[in-house]
Amino acid sequence: MKATIRDVAKLAGVSVATVSRVMNQNGYVNSETEQKVNRAMKQLQYVPNQMARGLAGKRTKTIALILPDISNPFFPGLARGVEDIAQNNGYTVILCNSDDLGVKERSYIEVLKKKYVDGIIFATNNLVQEDLERLEEAQIPFVMLDRAPDMKSGCVITVDNFGGAKAAVEHLLDAGCKKIAHIYGPKELVTARERLEGYEEVARKQPWYTPTLLVPGDFTIDGGVKAVEALLRNHPDVDGIFAGNDLMAVGALKALNRRGISVPGEVAVCGFDGVNLTEITQPELTTIAQPIYQIGELAAKKLIERIDQSSSHYETVELGVSLIVRDSTKKS
């Protein structure tokens with residue numbers, strides 16, 4: 001089989017990015033490391049993909065945005081931010097919906113490589129180290145939102161999930177809640193874990209805290225409905241709910257309404273994300289709002305900077321969140 005850049009990196013004991021720097025004479029590599037890489041290339045009879053390298057200096061003025069689920073109301077606002085910045089800079093955006101499936105996401109990456117896109121923004125959860133190495137090998141700049149495997153290159157944009165969750169629980173306490181539950185998202189997602197940890201940071205100090213106040217909701221409306229049904233069986237006296245995203249909070253409202261439980265009179269509810277849906281529920285939902293549009297704008301700006309500067313250095317950016325108080329927590 002034909003040797004790949006990953007084979008060269010493994011034999012030389014260096015990263016794929018280092019092999020790429022040696023081949024392209026781009027960036028500092030000490031002479032000893034350069035010799036190791038050259039020996040490994042010779043031993044493996046590695047021949048670089050000249051077409052990919054030849055196109056490295058050219059531009060298609062196209063970037064891709066890979067989303068897990070475009071039907072989630074969080075993502076249209078984010079996509080709009082990406083598109084506006086891209087258009088202002090002369091770029092076209094290709095939108096890809098992965099259905100949160102790793103196999104579909106990898107298929108998109110392979111197609112996009114053949115289309116010679118200039119860069120990719122990922123808002124998905126399934127990338128592994130090998131995927132990143134393939135992007136580095138293809139010299140495709142990328143930006144990731146919220147989560148990523150261990151990275152040596154690329155840009156990650158996050159928000160203060162932990163601090164936002166703390167603010168949500170503290171707000172519910174200030175609203176007079178005496179027993180607050182948390183509906184959490186999939187624990188394999190760093191966003192869900194950080195929001196759960198923020199809840200626990202405050203709740204563990206309260207006399208009413210018990211781990212059974214934590215219930216899974218899968219970041220969906222239906223998950224929020226089922227979580228509240230399970231919660232009320234074990235804790236009928238709960239009077240506050242912090243949901244790890246707005247969709248689960250909407251599900252919580254739905255379940256409470258079915259049971260004839262008034263919000264916020266008997267149970268106050270707070271979500272997280274700040275999607276437009278929270279403004280049309282009855283009552284309107286209190287939420288910890290992310291700057292959704294601005295996240296999209298920043299992701300596009302960072303990606304275009306990396307394309308223009310041929311930069312692959314590792315960078316993280318954390319944005320703040322804000323508490324928006326609405327009727328679902330305003331107790332009389």
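Position 1 is the first residue of the sequence; numbering continues from there.
Linking Ile, Leu, Val, Met, Phe, Trp and Tyr whenever their side-chain heavy atoms come within less than 4.5 Å puts Ile94 and Ile140 in one cluster. Val225 and Val263 fall into different hydrophobic clusters, where Ile, Leu, Val, Met, Phe, Trp and Tyr residues are linked whenever their side-chain heavy atoms come under 4.5 Å apart, directly or through other members. Clustering ILVMFWY residues whenever any of their side-chain heavy atoms sit less than 4.5 angstrom apart, transitively, puts Val159 in a cluster other than the one holding Phe162. Linking ILVMFWY side-chain heavy atoms closer than 4.5 Å, directly or via other members, places Val16 and Tyr46 in a single hydrophobic cluster. Clustering ILVMFWY residues whenever any of their side-chain heavy atoms sit less than 4.5 angstrom apart, transitively, puts Ile261 in the very cluster that holds Val228.
Between Ala181 and Leu231, the shortest heavy-atom distance links the atoms CB-CD2, 3.3 Å. For Leu253 against Pro283, the heavy-atom pair with the smallest separation is CD1-O, 3.8 Å.
Heavy-atom contacts from other residues, nucleotides or ligands closer than 6.0 Å to NZ of Lys104 number more than 12. Around atom NZ of Lys179, more than 12 heavy atoms belonging to other residues, nucleotides or ligands sit under 6.0 Å away. Around atom NZ of Lys61, more than 12 heavy atoms belonging to other residues, nucleotides or ligands sit under 6.0 Å away. With a 6.0 Å radius and a threshold of 12 heavy atoms from other residues, nucleotides or ligands, Glu229 has its CD atom above the threshold. Residue Glu32 qualifies as open at atom CD: its count of foreign heavy atoms under 6.0 Å is 12 or below.
With Asn89 contributing its side chain and Tyr91 its backbone, the two residues share no donor-acceptor pair below 3.5 Å.
With sequence neighbours excluded, no residue satisfies side chain to side chain contact (heavy atoms under 4.5 Å, CB included) with Asn234.
Applying the side chain to side chain contact (heavy atoms under 4.5 Å, CB included) test between Gln290 and each of Val275, Leu319, Asp273 identifies Asp273 as the sole match.
Relative ring orientation between Tyr199 and His182 is described as parallel, the plane-to-plane angle staying below 30° on a 0-90° scale split at 30° and 60°.
With Tyr184 as the aromatic partner, Lys187 meets the cation-pi criteria of under 6.0 angstrom to the ring centre and within 45 degrees of the ring axis. A cation-pi geometry, defined here as NZ or CZ lying under 6.0 Å from the six-membered ring centre and within 45° of its normal, holds between Arg195 and Phe272.
Counting only heavy atoms from C-beta outward, the side chains of Ile292 and Phe75 never approach each other to under 4.5 Å.
Put simply, CZ on Phe74 and CG on Leu145 are 7.5 Å apart, with the number rounded to the nearest 0.5 Å. In this structure, CG on Asn88 lies 9.0 Å from CD1 on Ile304, to the nearest 0.5 angstrom. Here the straight-line distance linking atom CD1 of Ile63 with atom CD1 of Ile307 works out to 6.0 Å at 0.5 Å rounding.
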- Message: Assess the residue pair Ile180 and Trp208 against the criterion (side-chain contact (heavy atoms from CB on, under 4.5 Å)); give the C-alpha distance rounded to whole Å, side-chain angles, the decisive distance to 0.1 Å, and a yes or no.
- Response: CA-CA 8 Å; Ile180 302 167; Trp208 44 258; 3.7 Å; yes
- Which is it for Glu315 and Arg306 under the salt bridge (Lys or Arg N to Asp or Glu O under 4.0 Å) test, yes or no, and what are the steps along the way? CA-CA 11 Å; Glu315 178 184 15; Arg306 287 170 174 269; 3.4 Å; yes
- Message: With side-chain hydrogen bond (donor to acceptor under 3.5 Å, both in side chains) as the criterion, how do Ser71 and Asp69 come out once you've worked through the C-alpha distance, each side chain's angles and the decisive distance to 0.1 Å?
- Response: CA-CA 5 Å; Ser71 67; Asp69 182 7; 2.6 Å; yes
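If you check the side chains of Asp246 and Thr287, you find a donor sitting under 3.5 Å from an acceptor. Side-chain contact annotation: Arg326 with Thr278, donor-acceptor N/O pair under 3.5 Å present.
Identified under the salt bridge (charged side-chain N to carboxylate O under 4.0 Å, His left out) test for residues 160-174, with sequence neighbours left out: none.
With respect to Glu34 and Arg21, no salt bridge is recorded, no charged nitrogen being found less than 4.0 Å from a carboxylate O.
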